[in-house]
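Here the structure is laid out as structure tokens; the discussion comes afterwards.
These numbers were taken from a predicted model, which means no experiment stands behind them. Below, chain A is the first sequence line, B the second, and so on; all start at residue 1.
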Amino acid sequence: MEPKYNHQDVEGRIYRMWEEGGYFTPKIDPKKKPFTILLPLPNASGQMHTGNILMIALEDILIRWHRMKGDPTLWLPGTDHAGTETQITFERELKKEGKTRFNFDRDSLYKTIWDFVQNNKHLIEGQIRKMGASVDWTRYKFSLDPDVVTTVRNTFAKLANDGLVYRDDYIVNYCPTCGTTYADIEVENKERSDALYYLKFGPFIIATTRPETMFRDTALAANPKDKRYKKWLGQTLEIPGLLGPMTMTVIADPEVDPKFGTGIMKVTPAHDTHDYQLGKNFNLPVTPIIDLNGRMDFTWFLNETEISEKFRLRAEKYHNKKAIEVRKLMLADLEEEGLVEKIDQSYTHAVPVCKAGHDIEPTVLPNWFIKVATLNKPAHDAVKSGKVKIYPKWREVTYHRWMENMHDWALSRQNVWGIRIPAWYDVEKNPSLFVTFLNDQKESISGRVSDLLNEHSLEKIKSGLQTVRAPKECSYIISVESPGASYLQETDTFDTWFSSGQWPMVSLGYPDSADFKYFYPTNVLETAWEILSKWVSRMIMLGIYMTGEVPFTDVYLHGVVKALDGRKMSKSLGNVINPEDYIPEFGVDALRMGLAVGNGNGHDYAFPRDKVIAYRNFANKVWNAGRFILLNLEGNSIAEFDKKMPGLDKTDKEIIRKLNMTIKTVDRELEKFRFSLAAEAIYSFFWHEFADKYVESTKERIKNGDIIALSVLQHVYLTCLKLLHPFMPFVTEEIWGLFKKETDRPLIVSSWPARIATQSVAGGPRCDEM
RNA sequence: GGGCGAUUAGCUCAGUGGUAGAGCACUGCGUUUACAUCGCAGGUGUCGGGGGUCCAAAUCCCUCAUCGCCCACCA
């Protein structure tokens, strides 16, 4: 036995032993209550990040603890296709090859991304193994596995049947660069400095950051309490603009802040979320001017018959340019018309951006929606009543706030990489379907389907299909299978959270697999608090909707590992550290222990390298204490430890007493998800009570032939290995194998120490049936 | 703008009413056989500021400051 613990010789070999021994796979025993955790899916868009690493460390502690306690324990792994995120990453790769997604028809693009993702999946699986995660690989799921896709579609059909699905125009967060819609919660607001234009609007001065949308302004709004504008309310005015006069009514909106700008604002229902709502309330026309590529479309104006040459030239100048360019182009024209009052160049405000960092262009699009109110209430109640408990408790507020303010869920994503929405449009009944497809020469053809069918067969259109855009009034059928040959399927896919929101059901084989019946509802959902709203709330909603039961009973939200500068890690700040990088030098055990100890109360925390070093040293300490005992056992035949065995002295009884206190503490703290306190308890007992004091005190006795001490040493030591195993699985398993006692079974499936002092090494409840 | 959280030893953090703690770092001493990735000994702090409740406050309340994060339709 080496005087140093060498993790590199151990980790791979031990992990293989566990996996090949089938210890990760639980045995279904109807007489026992299972313990189940679903691994929150890492995204297949890339490798795992710090958060994933942390959750694996914490969940494996719970899993190994329960497995040793004898529960049929399932930890189910999987990866998520992560629709938009993956597609963004993939398109970045495509760009390097000089291609874009528009070079592909739908099916080919899907297959190409599939291949791209396989590689990521393998990398992720490798990372999970490296962490020592005792996940049941035989139950591994991918969120695009055929059975998952089927269930997700069925759920949608069921929602539609229950009248909870509708299709409507809606102002959505549209990213012209990504070409897709984002849910409210996916959008981030970035502080930025922009020019604030003060423009003359007839008798008023309005302040705006977006002068280019003025061509489609349909009203002006002021606070009804604002005396300055009271007399104008309800009046309709002709306001001189860059393309002739605009007709606008002055309306009252209590949300207009009289102190901002001049207290009166322009209203663009088609390109602003607030204005859209206002437009609904006042029946204002919704007239989009920015198209899905982010370019401004002046066709509506240029098609008019009587327009002056000046206005025509202007419109032609702006036409088909990006909004931001038009903003620049119009400035001179505004000046020429004398419409600019002043420009505040240093106005800071929050601008919505997508995950890739592009500006969001609020746009009106037909979208698939889920009515949230009926799903939402039971989910809200489940947490209020304690059916689902959230740890730490103070995070609960976030959940309730989100539940109270939830909007209907916009499901449509204009991605290929995802689960295609099972809605079908009959091309004969819906001639206005706008279809884009690639013909045999790989040319992109677009148009109304009724026109396209004059020259192309529906079969060709289907095989080269890129997108179907169905105007709001189109008729549709929701069906998992195609309703007939004349139908085209919706090309939008589901929001990723719609499928991952069903993970507890789909991953277990809902609705009638043996696994689902046995393991559902699961026990603990452990994840980063950041996705409480995005993911956890959706799972509770859909779980109750689909099964009538909550999908899990405890939610533990761990803190996020902060960067060393105390801020959130982000690629753009360049402060990302990957804890995984510590593994080669210090070993997984050290990393896991460090992560567990840092994570106190679910608060965010920094993770310094010193900590990993400290626990590397600890692993070595554990190793050497074992080495000491083994060396002394050589040539000695000792009695099995028993509390009542004769010859125990005061120090023996004292160490047994402290050991039992430690067992109690570890159990108690783990039950409350206080990983840090559990780990510290065993750490300080082992090092400072057992190693520093007790082991030292036995040296003299052993020299004098007092082999009772050896029995106690072995008992306490092996019990410590058990207590430590959930935290540091590799070093403990390796040494366990070197002891000759009770080692017919690996440590991973040995029995968890009982708290009572009368327990002997070989006693206690066993979990031999695992 | 609203909400949540943090502020404790040089650093990273525990500690939630009863005379301040851990790890790392630091200082001194110590290597004939478990471990120098070690042992023994040692110093460390007006527990962010101010006010209040209490016999007693790092801990409860109020307030201010700084930092972090979440949410939000101020154009």
**Asked** What's the verdict on side-chain contact (heavy atoms from CB on, under 4.5 Å) for A/I205 and A/L199, showing C-alpha distance, side-chain angles and the deciding distance?
**Response** CA-CA 5 Å; A/I205 310 274; A/L199 304 177; over 6 Å; no
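A/E255 comes within 4.0 angstrom of a nucleotide base, judged by non-hydrogen atoms across all strands. A/Y198 comes within 4.0 angstrom of no nucleic acid atom, judged by non-hydrogen atoms across all strands. Heavy atoms of A/I629 sit nowhere under 4.0 angstrom from any nucleic acid atom. The residue A/N405 sits apart from the nucleic acid: no heavy atom pair falls under 4.0 Å. Residue A/V560 is out of contact with every strand shown, counting any heavy-atom pair closer than 4.0 Å. Within 4.0 Å of A/H407, counting heavy atoms only, lies no atom of the nucleic acid at all. A/R401 comes within contact range of at least one nucleobase, with a heavy-atom separation under 4.0 Å. Using a 4.0 Å heavy-atom cutoff across all strands shown, A/W529 reaches sugar-phosphate atoms only and no base atom. Within the 4.0 angstrom heavy-atom criterion, no nucleotide atom of any strand lies near A/W623. Counting non-hydrogen atoms under 4.0 angstrom, A/V695 reaches a base of the nucleic acid. In this structure, A/K259 reaches neither bases nor backbone, as no heavy-atom distance under 4.0 Å exists between it and the strands shown.
Atom CG of A/L557 and atom C1' of B/rC69 are 14 Å apart (whole Å).
Of all nucleotides listed (B/rC35, B/rA75, B/rC38), B/rA75 comes nearest to the side chain of A/T209. Side-chain atoms of A/T208 lie closest to B/rA75 of the nucleotides B/rG23, B/rC35, B/rA75. Of the candidates B/rA34, B/rG15, B/rC71, B/rA34 carries the atom nearest the A/A625 side chain, counting heavy atoms from C-beta on.
Ring centers of A/Y615 and A/Y683: under 6.0 Å apart, within the cut-off.
With a cut-off of 3.5 Å on both pairing distances, the Watson-Crick or G-U wobble partner of B/rC24 is B/rG10. Across the strands present, B/rU31 finds no partner; the criterion is a Watson-Crick or G-U wobble pair with both atom distances under 3.5 angstrom.
The separation of B/rA20 from B/rA57, taken at their P atoms, amounts to 11 Å, rounded to a whole angstrom. To the nearest whole angstrom, the two P atoms, one in B/rC62 and one in B/rC67, are 23 Å apart.
Residue side chain A/K699 reaches the base of B/rA34 through a donor-acceptor N/O pair under 3.5 Å, judged by distance alone. No hydrogens or angles were tested; on distance alone, a donor-acceptor pair under 3.5 Å links the side chain of A/K621 to the base of B/rC35.
Inter-residue side-chain proximity for A/W497 and A/W409 is flagged as met; some heavy-atom pair is nearer than 4.5 Å.
A distance of 6.0 Å separates CG of A/L633 from CZ of A/F739, quoted to the nearest 0.5 Å.
Along RNA chain B, the nucleotide nearest to A/R395 and the one nearest to A/L631 differ in position, and the one closer to the 5' end is contacted by A/R395.
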